[in-house]
**Student:** 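Structure provided below as structure tokens; questions to follow.
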There are 2 protein chains.
Amino acid sequence: MDEDEVGTVDVPEATVARLPQYLRALSTLAEAGLRTVSSEALADAVGVGSAKLRKDLSHLGSYGTRGVGYDVEQLHRQIADHLGQTTSWNVVIVGIGNLGHALAGYGGFASRGFRVVGLFDDGAHVVGEVVSGLPVRPLDDLPSVLRPGEPTIGVLAVPAEHAQVVCDRLVAAGVTSVLNFAPTVLRVPADVDVRKVDLASELQILAFHAQRRAVRSTAAAPAPTAPAPTATTSVPALQRSRRPALGATGPVLDRVGEVV
Amino acid sequence: MDEDEVGTVDVPEATVARLPQYLRALSTLAEAGLRTVSSEALADAVGVGSAKLRKDLSHLGSYGTRGVGYDVEQLHRQIADHLGQTTSWNVVIVGIGNLGHALAGYGGFASRGFRVVGLFDDGAHVVGEVVSGLPVRPLDDLPSVLRPGEPTIGVLAVPAEHAQVVCDRLVAAGVTSVLNFAPTVLRVPADVDVRKVDLASELQILAFHAQRRAVRSTAAAPAPTAPAPTATTSVPALQRSRRPALGATGPVLDRVGEVV
DNA sequence: TAGATTGTTAATCGATTAACAATC
DNA sequence: TAGATTGTTAATCGATTAACAATC
């Protein structure tokens, strides 16, 4: 560790993913009038351990003051710098369906320095419509909106079937950062960065854990000697689990193709 | 590894997060008429290494056939089982703003076995409105919609300021799985499972990497002996990086409170 | 039997955590 | 100086990966 310039030192991915949370917590603290904060207090506000927080900050070359803590404003600036929050980023949204619509109007983007500068869709019924103050344009207009030299993030909110094609067009137009809401794997050149948000997956993961809790609590029941007692007998739960076991409903088959 | 019953063996978190992707890929393969698939091919479709896939499946106690591969339908059933996809899950959405609206109409939920059974909001202007076929009800109606015995997932799409209060009410009503779209840390009892989706964070993480690429490519430029050449001279890029350096725009401060 | 592909082993890597010496 | 809190070290844990023996 020598140079301290932003972007010089390597920051672990897990740390990067937490930086936005720290930043947000610091904003809240600053608004509350706090000038200084300890790793303990900040970590707490974000719901992580203080050791992890300090480790994370150490990757930024951040300097707190021993015995005192961190200067809230300075640390905020430092993290914002690392996240590129000093620059305003342009965002284009492709696919103005249900979700694209919502994203176009999402206040959380603007407040963190992201400016939605273009909405795109090739559906005849949407093109031309004005959404959140911006006209929906055909995909062909992409190049005219993407100013080379201005960093632009592409948000993909199209159905899975179209995701790859649309992504290709974004890349062709010079976009190198893509946020993909379609449940598909996108193939992109090595210099393009793709992040994926899969809403249904999130529910599926929750369901996995919930089922597990349910099964566990059932499994913990003593093997019934007589015919099993009625429905949901209270059972010695293992760790977590308050819900009764799942009532079996008809099987459900996964389908492809639907999104947004 | 003895018993093979779903929910018995421990499955690593990283694996759980990939199961929905495998499931989806298997659906696609099945639709394409494939009866059998090798770990190589399936892994490929999901964008992971085949070793990782096989390791993941081994946690489920899955049995493929050496020399042959996996039976597409059987593997699909097996994973669906583990994910609790055999049961239909109820979902309630709280906060019918921009995002809640979109989620209520999101086709990707239904197709994966999630049924939206209730929409809630306390805003005078939304209550009573019908969204995607469901009436928006006041939060007080929560208990009447949540059938004890039916596993229900709560989706939080309210502004950050209200997230904790609303979450408390969900928990009080018996919800033990929460998907949180508000950029706040939720405090919940140990038996409640919370997952968070922070849309702005995703952009921030992309911005971090993009900035890094930009800085790197600039840093790789030979120290100019004469006054630096104009603007974006082509520069020996390190690995990735095609974009010019960021044009500095005014600083942007983070704010709290806005969501959805 | 020969070829293919699994399930598992062992090595490696990255992330988390607790503990503490450094230092304000 | 005494108390507080950082930044870092070292131990631990979990996840990834390559390689290969088992076996269809």
Side-chain angles (χ1 to χ4, degrees), chain A residues 1-4 9-22 25-26 29 34-76 78-79 82 205 208-209, chain B residues 1-4 9-22 25-26 29 34-76 78-79 82 205 208-209:
Chain A
M1 287 165 219
D2 237 38
E3 280 297 287
D4 209 334
V9 194
D10 249 351
V11 182
E13 261 311 299
T15 297
V16 173
R18 282 185 294 266
L19 292 182
Q21 322 305 323
Y22 299 150
L26 285 165
L29 293 175
L34 267 281
R35 318 276 307 163
T36 258
V37 68
S38 70
S39 63
E40 184 74 28
L42 180 54
D44 219 87
V46 176
V48 302
S50 68
K52 191 187 277 186
L53 169 71
R54 289 199 300 278
K55 187 102 227 222
D56 282 342
L57 294 185
S58 79
H59 292 296
L60 307 189
S62 138
Y63 290 163
T65 310
R66 288 168 205 239
V68 178
Y70 301 87
D71 182 286
V72 170
E73 196 155 326
Q74 178 192 306
L75 186 55
H76 185 284
Q78 202 166 53
I79 296 178
H82 274 270
I205 294 167
F208 174 90
H209 292 302
Chain B
M1 275 149 238
D2 237 38
E3 280 298 288
D4 210 335
V9 196
D10 250 351
V11 182
E13 262 310 300
T15 298
V16 173
R18 280 186 295 266
L19 291 182
Q21 322 306 322
Y22 299 150
L26 286 165
L29 294 175
L34 266 282
R35 317 276 310 162
T36 259
V37 68
S38 70
S39 63
E40 185 73 28
L42 180 53
D44 219 86
V46 177
V48 302
S50 69
K52 190 187 278 186
L53 169 70
R54 289 198 301 278
K55 186 103 228 220
D56 281 342
L57 294 185
S58 79
H59 292 295
L60 307 189
S62 139
Y63 291 163
T65 310
R66 290 169 204 239
V68 177
Y70 301 87
D71 181 286
V72 171
E73 196 155 326
Q74 179 193 305
L75 185 56
H76 184 284
Q78 202 166 54
I79 295 178
H82 274 271
I205 295 168
F208 174 90
H209 292 303

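Naming convention: chains lettered A, B, ... in sequence-line order (proteins, then strands); numbering from 1 in each chain. What you see below is based on every heavy atom in this structure, not just the backbone, and it leaves out hydrogens, waters and symmetry mates.
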**Student:** Please report the distance, rounded to the nearest Å, between CG in Asp71(B) and P in dC24(D).
**Tutor:**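 To the nearest whole Å, that distance equals 16 Å.
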**Student:** Taking all heavy atoms of Gln78(B) and all of Tyr63(B), pick out the closest pair and write down the distance.
**Tutor:**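 Closest pair (atom of Gln78(B), atom of Tyr63(B), distance): OE1-N, 4.3 Å.
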**Student:** Take Val68(A) and Val68(B), find for each the nucleotide of DNA chain C with the closest heavy atom, and name the residue whose nucleotide sits nearer the 5' end.
**Tutor:**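 Closest to the 5' end, via its nearest nucleotide, is Val68(B).
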**Student:** Might you confirm whether atom CD of Glu73(A) has over 12 heavy atoms from other residues, nucleotides or ligands at distances under 6.0 Å?
**Tutor:**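 No - once you tally the heavy atoms of other residues, nucleotides and ligands closer than 6.0 Å, there are 12 at most.
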**Student:** With a 4.5 Å cut-off on side-chain heavy atoms, are Leu42(B) and Leu75(B) touching?
**Tutor:**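 Leu75(B) reaches Leu42(B) side chain to side chain.
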**Student:** For residues Val37(B) and Asp71(B), determine if any side-chain heavy atom of one lies less than 4.5 Å from a side-chain heavy atom of the other.
**Tutor:**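 In short, these two side chains do not touch, never coming nearer than 4.5 Å.
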**Student:** Nearest 0.5 Å, what's the CD1-OH distance between Ile79(A) and Tyr70(A)?
**Tutor:**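 Those atoms lie 9.5 Å apart.
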**Student:** Rounded to whole Å, how long is the line connecting atom CZ of Arg66(B) with atom P of dA21(D)?
**Tutor:**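 Nearest whole value for this atom pair: 12 Å.
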**Student:** With a cut-off of less than 4.0 Å, is there a side-chain N or O of Arg18(A) near OP1 or OP2 of dT16(C)?
**Tutor:**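 Indeed, a polar side-chain atom of Arg18(A) lies that close.
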**Student:** Tell me: NZ of Lys55(B) to C1' of dT9(C), nearest whole Å?
**Tutor:**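 One finds 8 Å between C1' of dT9(C) and NZ of Lys55(B), rounded.
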**Student:** Thr65(A) side chain to Val68(A) main-chain N or O, any donor-acceptor pair under 3.5 Å?
**Tutor:**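 Flag not set: sc Thr65(A) to bb Val68(A) has no pair under 3.5 Å.
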**Student:** Starting at atom CD of Gln78(B), determine the distance to atom P of dG7(C), rounded to an integer number of angstrom.
**Tutor:**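 It works out to 10 Å between those atoms.
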**Student:** What residues from residues 35-51 of chain B pass a heavy-atom cutoff of under 4.0 Å to DNA chain D?
**Tutor:**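 Close to the strand are Ala51(B).
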**Student:** For the atom pair CG (Leu26(B)) and CD (Gln21(B)), what is the distance rounded to the nearest 0.5 Å?
**Tutor:**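 Here the rounded value is 11.5 Å.
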**Student:** Examine dG7(C): is either OP1 or OP2 under 4.0 Å from a nitrogen or oxygen in the side chain of Tyr70(B)? Give yes or no.
**Tutor:**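 For dG7(C), OP1/OP2 do have a side-chain N/O of Tyr70(B) under 4.0 Å.
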**Student:** In whole Å, I'd like the distance from the CG atom of Leu53(B) to the P atom of dA15(D).
**Tutor:**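 Roughly 16 Å, once rounded to whole Å.
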**Student:** Return a table of donor-acceptor pairs under 3.5 angstrom between the side chains of residues 45-57 of chain B and protein atoms on other chains or two or more places apart.
**Tutor:**
{"residue": "Ser50(B)", "atom": "OG", "partner": "Arg54(B)", "partner atom": "NH1", "Å": "3.3"}
{"residue": "Arg54(B)", "atom": "NH1", "partner": "Ser39(B)", "partner atom": "OG", "Å": "3.0"}
{"residue": "Asp56(B)", "atom": "OD1", "partner": "Thr15(B)", "partner atom": "OG1", "Å": "2.6"}
{"residue": "Asp56(B)", "atom": "OD1", "partner": "Arg18(B)", "partner atom": "NH2", "Å": "3.1"}
{"residue": "Asp56(B)", "atom": "OD2", "partner": "Arg18(B)", "partner atom": "NE", "Å": "2.7"}
{"residue": "Asp56(B)", "atom": "OD2", "partner": "Arg18(B)", "partner atom": "NH2", "Å": "3.3"}
{"residue": "Asp56(B)", "atom": "OD2", "partner": "Tyr22(B)", "partner atom": "OH", "Å": "2.5"}

**Student:** Roughly how many Å is it from NZ in Lys52(A) to P in dT8(D), rounded to a whole number?
**Tutor:**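 Distance check: Lys52(A) NZ to dT8(D) P gives 19 Å.
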**Student:** Please give, in whole Å, the distance from dA15(D) C1' to Glu13(B) CD?
**Tutor:**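 Those two atoms, CD and C1', are 12 Å apart.
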**Student:** Considering only side-chain heavy atoms of Ala14(A), which listed nucleotide, dT8(C), dT16(C), dC24(D), is closest?
**Tutor:**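 In terms of side-chain proximity for Ala14(A), the closest of dT8(C), dT16(C), dC24(D) is dT16(C).
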**Student:** Take the protein atom OH of Tyr63(A) and the nucleotide atom P of dG7(D), then report the distance between them rounded to whole Å.
**Tutor:**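 After rounding, the reported distance stands at 8 Å.
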**Student:** Any chance you could measure Arg35(A), atom CZ, to Leu29(A), atom CG, to the nearest 0.5 Å?
**Tutor:**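 Rounded to the nearest 0.5 Å, the CZ-CG separation comes out at 12.5 Å.
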**Student:** Only Watson-Crick and G-U wobble pairs with both distances less than 3.5 Å should count. Give DNA chain D in dot-bracket notation, marking inter-strand partners with |.
**Tutor:** ..||||||||||||||||||||||
